[in-house]
**Q** 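The structure is given below, and queries will be raised subsequently.
The chains referred to below are lettered A, B, ... by the order of the sequence lines, with proteins before strands, and numbering in each begins at 1. A quick note: this is a predicted structure, and the numbers were derived from the prediction, not measured.
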Number of protein chains: 2
Amino acid sequence: MEKLLENPDFEEAAEVLKEYLRREYTVQINGLCTVNYQGRAKSKLDRGERIVFKKQDSALLVHGPENYQPKNWQPEVDSWRVEAEEEGLFLRAERTNPDESVEIRFEDLEFLTVSQLVDKSELKIRGHEVDIHESIEEEPDIIEEELKVIEREKETPAGFIDVFAMDKDDNYVVIEVKRNPDYNTVLQLQRYVEEIEEEFQGVIRGILVAPKMTDKILSYLEERDLEFVDVDMEDVIASYEAVDNSQKGLSDFSADYSTK
Amino acid sequence: MEKLLENPDFEEAAEVLKEYLRREYTVQINGLCTVNYQGRAKSKLDRGERIVFKKQDSALLVHGPENYQPKNWQPEVDSWRVEAEEEGLFLRAERTNPDESVEIRFEDLEFLTVSQLVDKSELKIRGHEVDIHESIEEEPDIIEEELKVIEREKETPAGFIDVFAMDKDDNYVVIEVKRNPDYNTVLQLQRYVEEIEEEFQGVIRGILVAPKMTDKILSYLEERDLEFVDVDMEDVIASYEAVDNSQKGLSDFSADYSTK
DNA sequence: ACTTTCAGTTCGTTC
DNA sequence: GAACGAAGTGAAAGT
């Protein structure tokens with residue numbers, strides 16, 4: 001911890017902010033403030049106690065006492081302005097592209113910290129849509145027995161077909177993979193099938209592959225003679241873990257964490 | 001500030017967490033930790049220094065030193081588990097619907113704070129899509145002169161039409177408002193127009209109203225004989241401000257902020 | 001409680 | 001740099 005100031009006065013705080021805001025430090029301010037945003041939209045946040053922090057890549061967050069998401073933010077700040085005022089502390093974070101700014105006016109400061117966090121590790125996450133793709137690629141049987149994948153990301157005038165395949169009766173199969181399917185997904189699959197019907201002869205099957213389904217979407221599918229195959233997300237994740245374990249050791253390194 | 005512990009030991013910290021996690025306090029822990037998430041997906045975050053906080057509504061956030069968004073989170077936690085271990089502090093946040101959990105294992109604690117933030121004010125924001133709707137409602141001329149609004153949110157088999165209107169030549173006009181238009185917006189507008197063509201006689205015009213437009217989407221529109229009208233977001237916001245100012249004083253109240 | 005749609009979406013990838 | 005789609009999307013409004 002570089003600095004920890006409890007109930008700093010505005011000039012003291014301004015000095016610290018001017019020194020550290022523009023550098024790669026994490027700065028946190030808890031205090032009573034008002035916040036104004038202007039840019040793509042415009043917002044106003046009246047007086048309240050909040051947690052404000054600037055991260056080491058100059059991201060700015062204003063968090064209230066509730067809610068997962070911040071009240072105001074700025075993903076990347078280009079320029080800062082700090083001013084100690086008679087009865088407050090003014091902070092302005094501006095960026096271009098898009099042009100927007102967040103202005104914070106503190107009326108009371110509870111505490112302020114400056115620190116440098118070391119975090120070299122990356123988040124490894126599985127369960128995205130692309131992981132379903134990989135599962136199908138490795139084991140087409142999870143869709144249907146004796147299914148043969150012909151092409152992935154097959155281009156059509158209506159867009160890219162996730163998986164283009166052939167079933168055991170030599171029918172072409174258009175497969176659309178969606179983690180979160182909705183009505184548009186059905187329409188899209190229908191358009192793909194129509195494109196393939198123009199390009200190829202015979203019966204063209206359309207299958208929506210998803211980890212969840214609702215009755216409504218299922219009925220949309222049935223109205224259009226399209227099919228649904230359920231995939232278990234747990235299986236998808238499990239198949240990844242098997243691969244991951246086999247590669248163990250490759251990315252095994254330890255980062256240094258100096259005790260500050 | 002209820003509590004502020006610098007470099008607490010694990011048992012000390014566990015005690016505080018057990019006392020305050022389940023209550024309406026904001027709890028923040030800075031420290032070296034690993035994080036695992038399992039639920040809709042599965043993620044793993046190796047050792048790193050992070051800011052963890054639990055908000056007063058039991059939202060949980062794990063922030064790294066970079067990026068606007070948290071590394072891990074939980075919008076609402078149903079149950080907590082805290083355990084002081086020999087060489088660490090274990091924290092588990094679980095929720096149902098969907099079933100998921102975040103597990104944090106601290107190996108080092110830099111500091112821990114407990115506080116109660118008072119923030120009764122709500123974020124007032126303008127520039128949403130609905131604000132464009134209101135602008136049109138107040139002043140249909142911004143779309144086109146002598147345009148008369150017949151119905152808003154008109155239902156059709158293809159969905160709800162934002163604004164259904166009639167132009168000065170007595171042609172029906174289907175208006176779709178989008179803050180962020182894309183290809184699907186065009187298709188949707190086209191479907192609405194087709195529905196109206198079945199229901200009514202004569203020429204049916206389709207207009208996409210948006211604050212921004214790309215050449216590509218514009219050409220999609222033209223291919224389908226659909227039109228585009230640009231709205232200036234600044235004007236939309238300005239018209240709101242005029243209304244807001246006229247209502248000044250109505251929502252003018254001061255919340256109490258006790259100095260703790 | 002479930003569905004639908006918007007978001008200052010953000011973020012990544014690809015062209 | 002624009003465009004397209006996914007997200008552990010989240011959040012709000014309507015049913």
**Q** Among side-chain atoms of B:N36 and B:Q38, is any donor-acceptor pair under 3.5 angstrom?
**A** no
**Q** Once ring pair (Phe, Tyr, Trp, His ring centres under 6.0 Å) is applied, do any residues pair with A:Y172, and if so which ones, sequence neighbours excluded?
**A** A:F164, A:F200
**Q** Touch check for A:Q74, heavy atoms < 4.0 angstrom, all strands: base, sugar-phosphate only, or nothing?
**A** base
**Q** With under 30° as parallel and over 60° as perpendicular, where do the rings of B:F53 and B:H63 fit, or are they tilted in between?
**A** tilted
**Q** Under the rule for salt bridge (charged side-chain N to carboxylate O under 4.0 Å, His left out), what residues qualify as partners of B:E195, not counting sequence neighbours?
**A** none
**Q** Counting just side-chain N and O atoms, does B:K178 come under 4.0 Å of either OP1 or OP2 of C:dT5?
**A** no
**Q** Only counting residues at least two apart or in another chain, list the ones meeting ring pair (Phe, Tyr, Trp, His ring centres under 6.0 Å) with B:Y68.
**A** A:W73
**Q** Considering only residues two or more places apart or on different chains, which pairs with a residue in residues 52-81 of chain B satisfy salt bridge (charged side-chain N to carboxylate O under 4.0 Å, His left out)?
**A** B:R81-B:E83
**Q** Looking only at side-chain N and O atoms, does A:W73 come under 4.0 Å of OP1 or OP2 in C:dT9?
**A** no
**Q** Figure out the CD1/P separation between A:I217 and C:dT5, and round it to whole Å.
**A** 11 Å
**Q** Please lay out, stage by stage, how B:D230 and B:K212 fare under the test salt bridge (charged side-chain N to carboxylate O under 4.0 Å, His left out).
**A** CA-CA 7 Å; B:D230 182 77; B:K212 58 184 173 186; over 6 Å; no
**Q** Measure CG/A:L218 against P/C:dT3 and give the value in whole Å, please.
**A** 12 Å
**Q** Could you measure between the two P atoms, the one in D:dG8 and the one in D:dC4, and give it in whole Å?
**A** 23 Å
**Q** Using a heavy-atom cut-off of 4.0 Å to chain B, what are the terminal contacting nucleotides of DNA chain D, in 5' to 3' order?
**A** D:dA3 to D:dG10
**Q** Figure out the NE2/P separation between B:H133 and C:dC6, and round it to whole Å.
**A** 8 Å
**Q** Calculate the interatomic distance between A:N72 atom CG and C:dT9 atom P; express it in whole Å.
**A** 14 Å
**Q** Taking the side chain as C-beta and beyond, is there a heavy-atom pair between B:L208 and B:V229 under 4.5 Å?
**A** no
**Q** Between B:F160 and B:T214, which is nearer to the 5' end of DNA chain D once each is assigned its nearest nucleotide?
**A** B:T214
**Q** A:S219 vs A:R224, test: side-chain hydrogen bond (donor to acceptor under 3.5 Å, both in side chains). Steps then yes/no.
**A** CA-CA 9 Å; A:S219 72; A:R224 292 164 175 77; over 6 Å; no
**Q** For B:E137, what residues pass the salt bridge (charged side-chain N to carboxylate O under 4.0 Å, His left out) criterion, not counting sequence neighbours?
**A** B:R152
**Q** For A:E199, give me all partners under salt bridge (charged side-chain N to carboxylate O under 4.0 Å, His left out), at least two apart in sequence or on another chain.
**A** A:K154
**Q** Check DNA chain C for consecutive Watson-Crick or G-U pairs with both distances under 3.5 Å and list the runs of at least three as stems.
**A** C:1-7 with D:9-15, C:9-15 with D:1-7
**Q** Measure from CG on B:D162 to P on C:dT4 and round the result to the nearest Å.
**A** 17 Å
**Q** Would you mind telling me which residue lines up with the more 5' stretch of DNA chain D, A:Q188 or B:E100, judged by nearest nucleotide?
**A** A:Q188
**Q** Map B:N97 and B:N180 onto DNA chain C by nearest heavy atom, then report which one ends up closer to the 5' terminus.
**A** B:N97
**Q** How would you list, by chain and number, every residue that makes a salt bridge (charged side-chain N to carboxylate O under 4.0 Å, His left out) with B:E134, sequence neighbours excluded?
**A** B:R126
**Q** Below 4.5 Å, heavy atoms only, C-beta onward: do B:T26 and B:Q116 meet side chain to side chain?
**A** no
**Q** In whole angstroms, how far is the C1' atom of C:dC11 from the CG atom of A:D57?
**A** 14 Å
**Q** Kindly state which residues belonging to residues 221-232 of chain B come within less than 4.0 angstrom of DNA chain C, counting heavy atoms of the residue only, listed by number.
**A** none
**Q** Using the C1' atoms only, state how far D:dA7 lies from C:dC6, rounded to an integer number of Å.
**A** 15 Å
**Q** Sort and list the pairs that fulfil salt bridge (charged side-chain N to carboxylate O under 4.0 Å, His left out) and have at least one residue in residues 89-106 of chain B, not counting sequence neighbours.
**A** B:R40-B:E100, B:E85-B:R105, B:R92-B:E94, B:R92-B:E103, B:R95-B:E100
**Q** Tell me which residues in residues 61-69 of chain B lie within less than 4.0 Å of DNA chain C, going by non-hydrogen atoms.
**A** B:N67, B:Y68, B:Q69
